[in-house]
Amino acid sequence: MTGIDLTVYKGSPSGKIVKGSTHKDLKPDEVLLRITHAGLCGTDLHYKDQDMGLSHEGVGVVEKIGSEVTFFKVGDRAGWGYLHNACLHCDQCLSGNEIFCPKRAMYGEADLDQGAFATHAVWREAFLFHIPDAISSADAAPLMCAGATVFNALALHGVRPADRVGVVGIGGLGHLGIQFAAKMGCDVVVFSSTNSKRDEAMTLGAKEFYATKGAKELDIERPVNYLMVTTSASPDWNLYLPIIAPMGTIVPLTVTEGDFSIPHMGLVGKGLRVQGSICPSRGLHVEMLRFAALHAIKPVIQKFPLTLEGIQEAIDKLEKGQIRYRGVLVAPGA
């Protein structure tokens, strides 16, 4: 085994980003990456007061490989997302659903000593992804979580071409959800608080746009079959349930504390389904990257230097709602 010292940017009890380090031994099935780009996700804000390496949207270049690594070689670009490891033997893993493995290792729960805000990272080969040539490393970083999450919500839960897909919120997830749904052949309907993002939503692939601030009801052309909620807080369900078609599906992607609350009769009376969804398992993650490459789906990004000061600036701007739509930290010289 080879010993490796990594510089890692971590959260702290004060909420300020601090510079730290960790030591890793490169195991036979592991890969050492020099990180070039790292995405900033809203989920990172939940952990910035924790003593842990931040960011789970990492892209880099392979510098070393373990003796049993066969899928990557030195010089390859690779990325990783929320899921770091799984047992690969349980019923979930064997059915291609390792994101639900009882022994899964995920961001915020395991491997707290490293993250994508770092100079390097060491991960198991089986949980790294080749970056297609058609996707730049800067664009690939947000796809590792934001892109993967919305693609999973669409691809895993029965969305079909020509379905009317509603997207609530135009942010880090929402602006990618619009693009993926549109390229899948769906009729995309976007809901945002004001009209300020109307033109951008239509450019990204929306066919209809509705401003919701102060609205008592939504008058849309036809009900949506599928409603993907990407806002930072749950919406007013009394506003949205009437515009969902019978037997439609709601996928709440909001990361929030507390209970999920929805009008009971509005749900059962129309036979609606509330579908929990998270990041994808590896098979769909690969499909997402291929789909994005094929259809030139790209996040709208703002770049910051992958330094202590750059990370802090990006986090401050994200907290103030000043990033459109995804922050990407770029390593010096990358």
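Residues: numbered from 1 along the sequence shown.
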One should read off an interatomic distance between I35 CD1 and F117 CZ, to the nearest 0.5 angstrom, of 10.0 Å
Would you indicate whether D91, at its atom CG, is surrounded by more than 12 heavy atoms from other residues, nucleotides or ligands within a distance under 6.0 Å?
no
Applying side-chain contact (heavy atoms from CB on, under 4.5 Å) to A116 and not counting sequence neighbours gives A38, S55, W80
Residue pairs passing the ring pair (Phe, Tyr, Trp, His ring centres under 6.0 Å) test with at least one member in residues 144-166, sequence neighbours excluded, are F151-F180, F151-F291
So ring pair (Phe, Tyr, Trp, His ring centres under 6.0 Å) across residues 36-63, not counting sequence neighbours, yields Y47-Y107, H56-Y82, H56-Y107
The complete set of side chain to side chain donor-acceptor pair (under 3.5 Å) pairs with one or both residues in residues 279-307, sequence neighbours excluded, reads E98-R282
Residue pairs passing the salt bridge (Lys or Arg N to Asp or Glu O under 4.0 Å) test with at least one member in residues 110-122, sequence neighbours excluded, are K24-D113
Note to self: Tell me if the CZ atom of F71 is crowded by more than 12 foreign heavy atoms within 6.0 Å.
What the structure shows: no
Output for pair (I311 CD1, K16 NZ), nearest 0.5 Å, gives 13.0 Å
ask   = Taking D163 for the side chain and R160 for the main chain, is one N or O donor matched with an acceptor at less than 3.5 Å?
value = yes
Sorted by chain and residue number, the side-chain contact (heavy atoms from CB on, under 4.5 Å) partners of T194 (sequence neighbours excluded) come out as S196, K213
The complete set of ring pair (Phe, Tyr, Trp, His ring centres under 6.0 Å) pairs with one or both residues in residues 202-229, sequence neighbours excluded, reads F191-Y210
Distance-only check: which donor-acceptor pairs under 3.5 Å involve side-chain atoms of residues 227-242, not counting sequence neighbours?
{"unit_1": "T230", "atom_1": "OG1", "unit_2": "V168", "atom_2": "O", "d": "2.8"}
{"unit_1": "T230", "atom_1": "OG1", "unit_2": "G169", "atom_2": "O", "d": "3.1"}
{"unit_1": "T231", "atom_1": "OG1", "unit_2": "A233", "atom_2": "O", "d": "2.7"}
{"unit_1": "D236", "atom_1": "OD1", "unit_2": "N238", "atom_2": "N", "d": "3.0"}
{"unit_1": "W237", "atom_1": "NE1", "unit_2": "S261", "atom_2": "O", "d": "3.4"}

Applying side-chain contact (heavy atoms from CB on, under 4.5 Å) to T149 and not counting sequence neighbours gives C145, L173, L253, C279
With sequence neighbours left out, the residues meeting salt bridge (Lys or Arg N to Asp or Glu O under 4.0 Å) with R324 are E200
For N85, the side-chain contact (heavy atoms from CB on, under 4.5 Å) test, sequence neighbours excluded, returns A105, R124, F127
Residues at least two apart in sequence or cross-chain that pass salt bridge (Lys or Arg N to Asp or Glu O under 4.0 Å) with R326, listed by chain then number, are E57
Would you confirm whether R273, through its side chain, and T249, through its main-chain N or O, come within 3.5 Å as a donor-acceptor pair? no
